[in-house]
Colleague: 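What follows is a single structure, and I will ask about it in a moment.
Letters A, B, ... are given to chains in the order of the sequence lines, protein chains preceding strands, and every chain is numbered from 1.
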Amino acid sequence: MTSSEPLSTLQAPPAQFDLPGLEEGILQLWAERDVEGRSLREGAAAARGRSDRPSFAFNDGPPFATGLPHYGHLLPGTIKDIVPRYQAMCGFAVERRFGWDCHGLPIESLVESDLGVHGQAEIEAYGIDRFNAACRAGVLRFTKEWETMVRRTGRWVDFENDYKTMDPSFMETVWWVFRRLWDEGLIYEGFRVQPVSPALGTPLSNFEVAQGPQEKDPVTRKEGHKRIADPSLTARFRLEDEDASLWAWTTTPWTLPSNLALAVHPDVTYVKVRLVDTGEIAYLEPGRLADYQARGRVGATEELARMPGRELVGRPYAPLLPFFERYREREDGSRWSFKVVAAEYVTVDSGTGIVHQAPAFGEDDYQVGQREGLPMVRPMGLTGVFDDSVGGFAGMFAKDADKAIVARLKAEGKVVDHDSIVHPYPHCYRTDSPLLYMALSTWFMKVEPLRERLVRHNEAIHWVPEHVGTGRFGNWLAAARDWNLARSRFWGTPLPIWRCDEDPSDMVCVGSIARLEQLAGMEPGSITDLHRENIDPITFPSAKTPGGTMRRVPEVFDCWFESGSMPYAQSHYPFDQSKRQYVEEHLPADFIAEGLDQTRGWFYTLHVLATALFDRPAFEHVIVNGLVLAEDGKKMSKRLKNYPDPADVIRQYGADALRAYLVNSAAVRAEPMRFSERGVRDTVRKIVLPLWNAYNFLATYARADGWSPSSQTLGHRPSAALDRWILSRLQAFVGQMRTELDAYALSNLVPSFYEICDDLNNWYIRRGRRRYWRGKGEGDASDKDDAYATLFQVLSTITHAIAPVIPFFAEWMYQRLHVDTGLAGEGEDSVHLMRYPQVDAGRRDEALERDVSAVRQVVNLGMAIREREKLAVRRPLATITVASPDPEVRRAVETGREDLLGELNVKELRVQEDDRGLVELSAKANFKTLGKRLGKKMKAVAAAVAAMDAAALTAYLKAGSVELEGETLGEGDVLVVRETIGEQAAEAAEGVTVVLDTAQSDALRREGLAREIVNRVQNLRKNKGLEVSDRIELRLTCHGELAAVAGDPELAEMIKGETLATALTVVGDPAGVIDAGLVDEDERFEIDGETLRVAVAKDA
RNA sequence: GGGCGUGUAGCUCAGUUGGUUAGAGCGCUGCCCUGAUAAGGCAGAGGUCGGAGGUUCAAGUCCUCCCACGCCCA
């Protein structure tokens, strides 16, 4: 980074490792060189058919911009960056447009709070135009923060060329989509039972219901709806075909005027009883009767008959209240209402086992009513006030009418029992009033007829993980219900249905702006916005009904309909001719990714609309991520502050660390993950630092040596086994990365990367580091070139391969390795514009990899022996004996002799086949091969195998088979286990035994001490901040054995050579002043109880 | 209430078609190595594999039920 440095060398690593700072620098570099822009514009051009590259279609799900991004966005955001980045490196042009979900309840609720205007009536009074203007102004309030955060995480996505669901072009395509469905006959008007806040006069969404007041159940301690006291009324419904009653129970007497049927469970047994006191004959479920009697609400009874519920079905009863008697019979005289019907949902947990049905006021009731063809009776509007159809109750609020209704029924002798009950009940989140459930008119898309096609197209989708597609999503599709896609709201895409005010069946569905202008006789181009305030006033005369005026229906679309239309609407399909072909060719899109919670959300709506419109799936590959939980396993909660601010985490550890941490978690397999700040910190140490260290090593020595890469470096084929080994491992690594990325399986990327870094740092560089130390003219120059070229190739390839995962650090490495050194050509100024590495199968050598594994295993065994015997590695030993019956292992160990001796600091290697005298043989049955064959005999045979003695085992090994318990055991059926005998310094593993000769000769001991001295000097060099190539003058003050070592000419040369000392002065210490601590200058060390004083001076 | 997941060491997670003594990383303890390393190596402590039944010669793994947690839907 000093300006005097020539550009063709590897830059010195920064003194401090500061990943966040490094990332900021890379962001700046990307901006200065327009790197991101070049990549994104390539994708955008492809969408218009103006790129020579093949295109890869990625569709981004739009988030609501009403809140700030959190980990639930950053995790899918990382996935959405890795895959397109990889595909771009594979030569595809990838369009990556950011999207904003602008409509819907989140923003409407915010604006309601801001304005203090709540519910339909208030908003209409306030003015839809002003209300929507406030939504428009507020919905993008955090887009800058989003952009900043998303960019800071390294995600490349096009914000300039973004899409918004409130854009007129987007909304027009939504109209087009709807019109297509309308033409296909997939749209119908129907009812849906919805919770209504009578105080607001507005239906509420599930989300709003969940926002309502909560409290704990006093018994179960579970959180639930706020509790309320309601009437508990059991009424008698007089049968018309017998002098008897059906008893039914309700907690909502206000729905009784609308009663149209009574439901029984077809398979439950009911009883007919006579009440001893009154002689009344009644039907109900016997267990429930016993409950009433136990509570003293009903007296003694006499059982008359028993029958299953299905035998009661169809029996007529007299209306409890007279208001809707006209629905008793149909025009053809058949029984219509006021009869017993069957319903599977009826339970015997409460009430009488016979359930009052008011189809307009309950989801279950509504379903039964639809099935039975019952009329729709709803004597009230959204405010819950009875209308004139219910006589004396007219004008009363539903809940207030309870008392009057009960009183009237009592007076008419129709009440069996009247009590009160406290139970959880949903309340309005805004006004705290109890909600009323009622059937409201709305618009549906027919999904049920599409089920078979939905399931079939789902089979073509590649789900990661698979179970989400086959399980959760597949089940949902197979049971898909018609989709209520209208909302009684204000800020959304209006339903493009105009209906005649004279004849409600006279309707027009408008599929484009131009068509509306034409119908309304407006100038082309005069409609510039499609929100309600601009569209609702547009009317036109009916073509069918003379004198009728066509007016838009009031509803807007469910915002999921809009996000499901995104593949078409983001490109203004089919209106924008330049992108028509792209849209049609890229359905299904190649790739999408979102959280598990989108299964019934975006994934579903995309799939339903693509199936309905084009008879295709909407996407080909999808990665589903799990939820990010706080470290305590709970949901992340702003209120609880149980998670760190993402911006702080990035500032402290870097975005690469966060990305690698997230993508290395179970969350990429759709499992929930617990976010831990420590996990991010560990990721820096485990993932980024190893690569940085490796670069640091290369740069340090290359600079000292004046080595720099040339265009030949990357193709260089070294001959040394160590080089060929790491290059082979590199091919394996690239292969793993490609396989995983091609399969959209991201969970093994980081582990594979970690493995190659480990091999690089802890074997390749560690074993090969002396190759880089040789000064000019020393040793084999071509070997040194091999070493540099190999290390450079490895770092370069790793950098390319890991770039999609850690884009910042990979870019930093690339800049150092390729750009600063002048290797990168025109247009090659960013790693992200380069091609993803190919596997060079010719450089893979699996036999060599196995050999190195064998050597490393022997090293580990040797280390274990040294540990156990307390033999420091710095102290040389005379011999190591490796015994193995496997010729492959013996050959591998011989080949790796140098590494083995070097690592273990041993002088001589002996390899032998015979391990007799070193190990004891014992045997175990191989359950895997024998289990299936032997079955119940397995236990006896296993015992016989375990009892085999050394002689029997040797015989088995020779013959390859043995006869036991009448069974012939062949090769592999008996597993021979070797254990070292007695006290010797030996370790055994499968197929190999290692023994160390622990005897220390004087010569070995002196050499060990010399190495101790070297170690102290090296530490001192480092502490003094000397460069690895600096020469020093060295002065040692010591006495006794250390003085003898330092005075030995051979050892002194060794010390000088290792420490780059040009001069070594040994000062005796006859007075013992250093032992006495009288000397405090320089450094003092203890070695084997003797004191050493070291003085180091840089040789000028 | 239903669907789909999850539950294995203090923490984060592996654990193949059932197979012997259940593994790794982090953290902890001890020792070692370091002429790039903020790393690394060796060892130790730490487990009723959520619980209970069952199938099997053999169950963390298969079956049934239950418990807890999560998402979605009622």
Colleague: Using only atom types and a distance under 3.5 Å, with no angle test, would you say the side chain of A:His265 pairs donor to acceptor with the backbone of A:Ala343?
Modeller: no
Colleague: Determine the Euclidean distance between corresponding P atoms of B:C65 and B:U29; express it in Å to zero decimal places.
Modeller: 47 Å
Colleague: Salt bridge (Lys or Arg N to Asp or Glu O under 4.0 Å) with A:Asp682: which residues, sequence neighbours excluded?
Modeller: none
Colleague: Under 4.0 Å from OP1 or OP2 of B:C73: is there any side-chain N or O of A:Arg481 that close?
Modeller: no
Colleague: Quick one: is the NZ or CZ of A:Lys686 closer than 6.0 Å to the six-membered ring centre of A:Tyr754, and within 45° of its axis?
Modeller: yes
Colleague: Looking at residues at least two apart in the chain, or sitting in another chain, which of them share a ring pair (Phe, Tyr, Trp, His ring centres under 6.0 Å) with A:Trp476?
Modeller: A:Tyr604
Colleague: Taking only the P atom of each, what is the distance from B:G19 to B:C69 in whole angstrom?
Modeller: 32 Å
Colleague: Which value, in whole Å, describes the distance between the P atoms of nucleotides B:A22 and B:G5?
Modeller: 29 Å
Colleague: Listing time: all N or O pairs from protein to nucleotides 9-12 of chain B that are below 3.5 Å?
Modeller:
residue: B:U12; atom: OP1; partner: A:Arg674; partner atom: NE; Å: 3.3
residue: B:U12; atom: OP1; partner: A:Arg674; partner atom: NH1; Å: 3.0

Colleague: Run the side chain to side chain donor-acceptor pair (under 3.5 Å) test against A:Asp482 and tell me which residues pass, sequence neighbours left out.
Modeller: A:Tyr188
Colleague: From A:Arg874 CZ over to A:Ile1013 CD1, what is the distance, rounded to the nearest 0.5 angstrom?
Modeller: 11.5 Å
Colleague: For a quick test of reading the model: is some side-chain N or O of A:Tyr772 closer than 4.0 Å to OP1 or OP2 of B:A36?
Modeller: no
Colleague: Between B:U16 and B:U61, how many Å separate the two P atoms, rounded to a whole number?
Modeller: 11 Å
Colleague: Dot-bracket for RNA chain B: what is it, with Watson-Crick or G-U pairs under 3.5 Å, [ ] where a pair crosses earlier ones, and | for a pair to another strand?
Modeller: (((((((..((((.....[...)))).(((((.......))))).....(((((..]....)))))))))))).
Colleague: Taking only residues two or more places apart in sequence, or in another chain, which ones meet A:Arg472 in a side chain to side chain donor-acceptor pair (under 3.5 Å)?
Modeller: none
Colleague: Closer than 4.0 Å, any side-chain N/O of A:Arg472 to the OP1 or OP2 of B:G5?
Modeller: no
Colleague: Between A:Tyr653 (side chain) and A:Val684 (backbone), is there a donor-acceptor pair under 3.5 Å?
Modeller: no
Colleague: Residues two or more places apart in sequence or in another chain: which of them pass side chain to side chain contact (heavy atoms under 4.5 Å, CB included) with A:Pro465?
Modeller: A:His467, A:Val468, A:Val624, A:Ala670
Colleague: Tabulated below should be each protein N or O lying under 3.5 Å from an N or O of nucleotides 40-44 of chain B; please produce it.
Modeller:
residue: B:C42; atom: OP1; partner: A:Asn860; partner atom: ND2; Å: 3.3
residue: B:C42; atom: O2; partner: A:Glu867; partner atom: OE1; Å: 3.1

Colleague: Could you pull out all residues at least two apart from A:Asn905 that satisfy side chain to side chain donor-acceptor pair (under 3.5 Å)?
Modeller: A:Arg1011
Colleague: Judged by modelled atom types alone, do A:Asp758 and A:Trp763 share a side-chain donor-acceptor pair under 3.5 Å?
Modeller: no
Colleague: Between the protein and nucleotides 62-64 of chain B, which nitrogen or oxygen pairs are less than 3.5 angstrom apart?
Modeller:
none

Colleague: Could you list the residues that satisfy ring pair (Phe, Tyr, Trp, His ring centres under 6.0 Å) with A:His70, not counting sequence neighbours?
Modeller: A:His73
Colleague: Rounded to whole Å, please give me the gap between CG in A:Asn625 and P in B:C72.
Modeller: 13 Å
Colleague: Can you list everything that forms a side chain to side chain donor-acceptor pair (under 3.5 Å) with A:Arg866? Sequence neighbours excluded, please.
Modeller: none
